[in-house]
Amino acid sequence: MPELPEVETVMRGLMPSMQGSVIARAQVNRPDLRWPFPEHFAERLTGKRVERMWRRSKYILAELSSAETLLIHLGMSGRMLVSGDPLGNFVHEHPATEKHDHVVLDFDNGARVTFNDPRRFGAMDLLDTATQEQHKLLAGIGPEPLGNQFDESHLIAALKGRKMPMKSALLDQKIIAGLGNIYVCETLYRGKIHPARRACDVTENEVRALVPIIREVLSEAIEAGGSSLKDFRQADGELGYFQHSFDVYGRDGETCKAPECGTQIARIVQSGRSSFFCPSCQS
Ligand SMILES: [Zn+2]
């Protein structure tokens, strides 16, 4: 499932084709994904210019000239493909439509953006731009970890007295936006905190130390995603899934990367999801 860095990478990959361009044609091939598409979806997109693109948590937002904003959520398996890229030196012909190409947007600059999602856990919606942050998907989300509102005092206050395990606390989107299983595991490893430790038992100093760690873990992944964008035009035009090496995620049974540790990375299941950690480095 894409997390914040993957979504940021997809958005950055879409921007050259979408931002400032007009949707010349919108093809909507089914009535719904996870939820029904908005009424007259294709008509409301057609002829509108994408004024500005940004990301909130794991949602991509494209503000249109019609005072509506197109919300894109990749869900579990959603993929965005760009073809006919006007800026690329490696122009792809538009590929033949595939079975799970649910929404196809053709821009006036010749670019085509296709949303493909075999499992249909993704979503697209249109929001009033003026009130978009009150939309049910966006209201109540905690601060962006890379934004100014996320800081030590916020995290200390949010975790104070909470009996839930640290793993669950950092996954809670009301506490912090956009973190998922992978980057929470990586954050707790660097913070030397056991994923099952109760949030209320983590010291203020340890919580303070997590703020720059979270930023670092996400920024490194976004950087890796950025380098993948340089290559994607030469590949198949699919955005957002890049090679990235993790310290603990998916490494159970392998040796901890900390110098002179030598312990095997362990895996436990918490709330139905795998947590990877070093039993020696994290307590
Ligand atoms: Zn270790």
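Remember, it's 1-based here, ligands and their atoms both numbered in the order they're listed. If you read the sequence from its start, that first residue is 1, and numbering goes on from there.
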Partner residues of Glu206 under the side chain to side chain donor-acceptor pair (under 3.5 Å) criterion, sequence neighbours left out: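 Per chain and number, Glu206 pairs via side chain to side chain donor-acceptor pair (under 3.5 Å) with Arg197, Thr203.
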Partners meeting side chain to side chain donor-acceptor pair (under 3.5 Å) with Glu152 (sequence neighbours left out):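 For Glu152 there are no side chain to side chain donor-acceptor pair (under 3.5 Å) partners, ignoring immediate neighbours.
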Take atom NZ in Lys48; do more than 12 heavy atoms of anything else shown fall under 6.0 Å from it?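 Result for NZ/Lys48: enclosed.
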CD/Glu254: more than 12 non-hydrogen atoms of other groups inside 6.0 Å: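 Counting other residues, nucleotides and ligands, CD of Glu254 exceeds 12 neighbours.
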Suppose we screen for salt bridge (Lys or Arg N to Asp or Glu O under 4.0 Å). Which residues come up paired with Asp172, at least two apart in sequence or across chains?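 Residues passing salt bridge (Lys or Arg N to Asp or Glu O under 4.0 Å) with Asp172: Arg162.
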Strictly under 2.8 Å of the Zn ion (ligand 1): which protein N/O/S atoms qualify?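 Under 2.8 Å from the Zn ion (ligand 1) - ignoring waters, which are not counted - the protein N, O or S atoms are Cys256 SG, Cys261 SG, Cys278 SG, Cys281 SG.
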Out of Phe276, Phe277, Tyr189, which residue meets the ring pair (Phe, Tyr, Trp, His ring centres under 6.0 Å) rule with His194?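 Only one option passes, and that is Phe277.
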